[in-house]
Amino acid sequence: MRVFNTLTRKKEEFTPLREGRVGMYVCGITAYDVCHVGHARSAVVFDVVSRYLRSRGYDVTYVKNFTDVDDKIIERANREQTGIAEIAERFIAEHNQDMEALGVEPPTVTPRATEHIAGMIRLVETLLAKGLAYRVDGDVYFAVDKFPGYGRLSGRGLEDMLAGARVDVNEKKRNPLDFVLWKASKQGEPWWESPWGQGRPGWHLECSVMSQRYLGDSFDIHGGGEDLVFPHHDNEIAQSEAATGKPLARYWLHNGFVRVNSEKMSKSLGNFFTIREILKQYRPEVLRLFLLASHYRSPVDFSDAALAEARQGMERFYSTLKALRDQAAHGQAPPEGSATEREIVDHLAGLRGRFCEAMDDDFNTARAIGYLFDTVRLLNAALADKKAVLSRQVLTQAEQSLREIGAVLGLFGEEPDVYLRRDREAEAQKRGIDPAEVEALIAERRASREAKAWQRADEIRQGLAARGVVLKDSPAGTTWSIP
RNA sequence: GGCGGCAUAGCCAAGUGGCUAAGGCAGCGGUCUGCAAAACCGUUAUUCCCCGGUUCAAGUCCGGGUGCCGCCUCCA
């Protein structure tokens, strides 16, 4: 298995510190607002990473934190005349709902910053004792020039950064690039007792403490969005490694951004779509397929057209899954294996290998999904071939293979009938189509067809088609969909 | 200003120097169908932004250019 390591900017062979086990830490959200599609990407990407590692037999400990004390939380709490705990609690609950809806498996541990204040104070004390930090008026800062190799992850040296115009002006800092470990709380801000007075932790500190607490001084994978590379992850490295003298994480993985019209989706730009807003319009797996159809490090452009395309793809998968199941239920189960059956069995036997080959190459979900579509095409061809009746055994095996591999991507988890029904309901609602009316027209058309009144039957079909409703006649009756 | 990334068909997108450049969506032709839809078959990039170089061989490596994006401030 090879993974791209931000630290070296290369794909490297993945070797965990302890055989058979993987410790993974991913930076989670600051709980001050509902999650948008950008958060969904990070969550889905690392969900798939942990699912895949587990499917390869690793015992994965996945830690994802919640930042529940921070300027923005304080700001919102003040605005709403409530406490930061209430705000954090509320948005953590909202986050958890969104993740569950998206089919994201809960991480092994989901620690919160405020549960680890004591550990943070200890880490600051260690850094002070080692002379890597200094105190000013109740604040404690990390002295970046005392840590050789500061900025290694983002690939910038101190000189590079100082040359940049945009550095924080703060009189208290010895070096403009120093960052706060602990800050004295102002009037009305939440605070904890510390050796430096009443204060609160700096943002970077919590991840250093919580990763160490749950995964040890050194662990295998540290992940997050690419915007966290600098300064957050560089600062984590500085704090942790300065304190322990050991490398923090072996592999640093960063997912690319979700864009809107070629711009980063973000709160500050205001160009974001919340997860719940999208899930009103599309099945959760549509969003997952959209996100996983590109490599996790590439940017993806979010748009309704892109989601609509992913929806078509999911429709294709579920239609095949449904066809496999329907035919297995009604099939006559011929005993002898035909040439078509042998071809399918051979193909399925190799599918897992191809899937792993793609995923082993830095979690190439896009390629993996391509292989799944190959399988679908082969199966559809066999299903469409009336001469080649497939045995129940092969049909079931095909369905199981698809589901088993899909599960690693968090796809194909629904019953095909349920998926297709719900998908249609959402689409009907979106377009203001009344299902009862459609059913009534279908009944009228059936009567017309029975009377061979083709003109009226076609009129109904075309009328519905103009509104996006497509009818499909089969020996069992007429069904409808909104492609 | 400093640092970094990306550029592959109408669109999305994979592509680890070497057989015919995955896959999806959309389109077109056909099979099937009363007509359709779905599905299937066929078709859609002599070429991978431009220029130069390395190599027997480059979408893939190197240099230059152009365009887009990100980080350097909270940010997944």
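As a basis for the values below, the full set of heavy atoms in this structure was taken, side chains included, without hydrogen atoms, waters or symmetry mates. Quick note on labels: first sequence line is chain A, next is B, and so on, each numbered from 1.
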**Asked** Under 4.0 angstrom, heavy atoms only, what part of the nucleic acid is A:Arg445 near: base, sugar-phosphate, or nothing?
**Response** base
**Item:** salt bridge (Lys or Arg N to Asp or Glu O under 4.0 Å) contacts in which one or both residues fall within residues 370-380 of chain A, not counting sequence neighbours
**Value:** A:Asp374-A:Arg377
**Asked** Side chains of A:Phe272 and A:Thr274: does their closest heavy-atom pair fall under 4.5 Å?
**Response** yes
**Asked** What residues in residues 359-367 of chain A put a non-hydrogen atom under 4.0 Å from any atom of RNA chain B?
**Response** A:Asn364, A:Ala366, A:Arg367
**Complete:** Of B:C71, B:C69, B:C12, the nucleotide closest to the side chain of A:Arg259 is B:C69
Donor-acceptor contacts under 3.5 Å from residues 282-289 of chain A side chains, at least two apart:
residue: A:Tyr282; atom: OH; partner: A:Asp304; partner atom: OD1; Å: 2.7
residue: A:Tyr282; atom: OH; partner: A:Lys430; partner atom: NZ; Å: 2.9
residue: A:Arg283; atom: NH1; partner: A:Glu414; partner atom: OE1; Å: 3.0
residue: A:Arg283; atom: NH1; partner: A:Glu414; partner atom: OE2; Å: 3.0
residue: A:Glu285; atom: OE1; partner: A:Tyr318; partner atom: OH; Å: 2.8
residue: A:Glu285; atom: OE1; partner: A:Phe412; partner atom: N; Å: 3.0
residue: A:Glu285; atom: OE2; partner: A:Tyr318; partner atom: OH; Å: 3.3
residue: A:Glu285; atom: OE2; partner: A:Phe412; partner atom: N; Å: 3.4
residue: A:Glu285; atom: OE2; partner: A:Gly413; partner atom: N; Å: 3.0
residue: A:Arg288; atom: NE; partner: A:Leu409; partner atom: O; Å: 3.2
residue: A:Arg288; atom: NE; partner: A:Gly410; partner atom: O; Å: 3.4
residue: A:Arg288; atom: NH1; partner: A:Asp47; partner atom: OD2; Å: 3.3
residue: A:Arg288; atom: NH1; partner: A:Leu102; partner atom: O; Å: 2.8
residue: A:Arg288; atom: NH1; partner: A:Gly103; partner atom: O; Å: 3.0
residue: A:Arg288; atom: NH2; partner: A:Asp47; partner atom: OD2; Å: 2.7
residue: A:Arg288; atom: NH2; partner: A:Leu409; partner atom: O; Å: 3.2

**Item:** For A:Glu437, side-chain contact (heavy atoms from CB on, under 4.5 Å) partners two or more places apart
**Value:** A:Asp434, A:Leu441, A:Arg467
**Request:** For A:Arg325, enumerate each residue passing the salt bridge (Lys or Arg N to Asp or Glu O under 4.0 Å) test, keeping only those at least two apart in sequence or located in another chain.
**Result:** A:Glu399, A:Glu415
**Request:** Scan every strand shown for a Watson-Crick or G-U wobble partner of B:U20, both distances under 3.5 Å, and answer none if you come up empty.
**Result:** none
**Message:** Contact list please: residues 457-468 of chain A against RNA chain B, heavy atoms, distance less than 4.0 Å, in numerical order.
**Reply:** A:Asp458, A:Arg461
**Asked** Looking at residues at least two apart in the chain, or sitting in another chain, which of them share a ring pair (Phe, Tyr, Trp, His ring centres under 6.0 Å) with A:Phe219?
**Response** A:His222
**Asked** Quick one: which of B:G23, B:A76, B:C74 gets closest to the side chain of A:Cys27?
**Response** B:A76
**Prompt:** Considering only B:C3, B:G34, B:A37, which nucleotide approaches the side chain of A:Asp473 most closely?
**Reply:** B:G34
**Prompt:** With a 4.0 Å cut-off on heavy atoms, is A:His295 in touch with a base, just the backbone sugar-phosphate, or nothing at all?
**Reply:** sugar-phosphate
**Message:** My understanding is that only residues two or more places apart in sequence, or in another chain, count here; which of them pass salt bridge (Lys or Arg N to Asp or Glu O under 4.0 Å) with A:Lys322?
**Reply:** A:Asp326, A:Asp417
Enumerate all atom pairs, one protein N or O and one N or O from nucleotides 40-42 of chain B, separated by less than 3.5 Å.
residue: B:C40; atom: OP1; partner: A:Arg316; partner atom: NH2; Å: 3.2
residue: B:C40; atom: OP1; partner: A:Asn380; partner atom: ND2; Å: 3.4
residue: B:C40; atom: OP2; partner: A:Arg316; partner atom: NH1; Å: 3.4

**Prompt:** Run the salt bridge (Lys or Arg N to Asp or Glu O under 4.0 Å) check on A:Asp178 and A:Lys172 step by step: do they pass?
**Reply:** CA-CA 10 Å; A:Asp178 290 347; A:Lys172 295 178 182 175; over 6 Å; no
**Item:** Partners meeting side-chain hydrogen bond (donor to acceptor under 3.5 Å, both in side chains) with A:Thr8 (sequence neighbours left out)
**Value:** A:Glu12
**Request:** Do nucleotides 27-32 of chain B as a string where each nucleotide becomes B, S or -: B if the base has a protein heavy atom under 4.0 Å, S if just the sugar-phosphate does, - if no protein is that close.
**Result:** ------
**Item:** Cation-pi geometry met for A:Lys264 and A:Phe257 (6.0 Å, 45°)
**Value:** yes
**Complete:** Those residues at least two apart in sequence (or on a different chain) that pass salt bridge (Lys or Arg N to Asp or Glu O under 4.0 Å) with A:Asp473 are A:Arg445, A:Arg449, A:Arg461
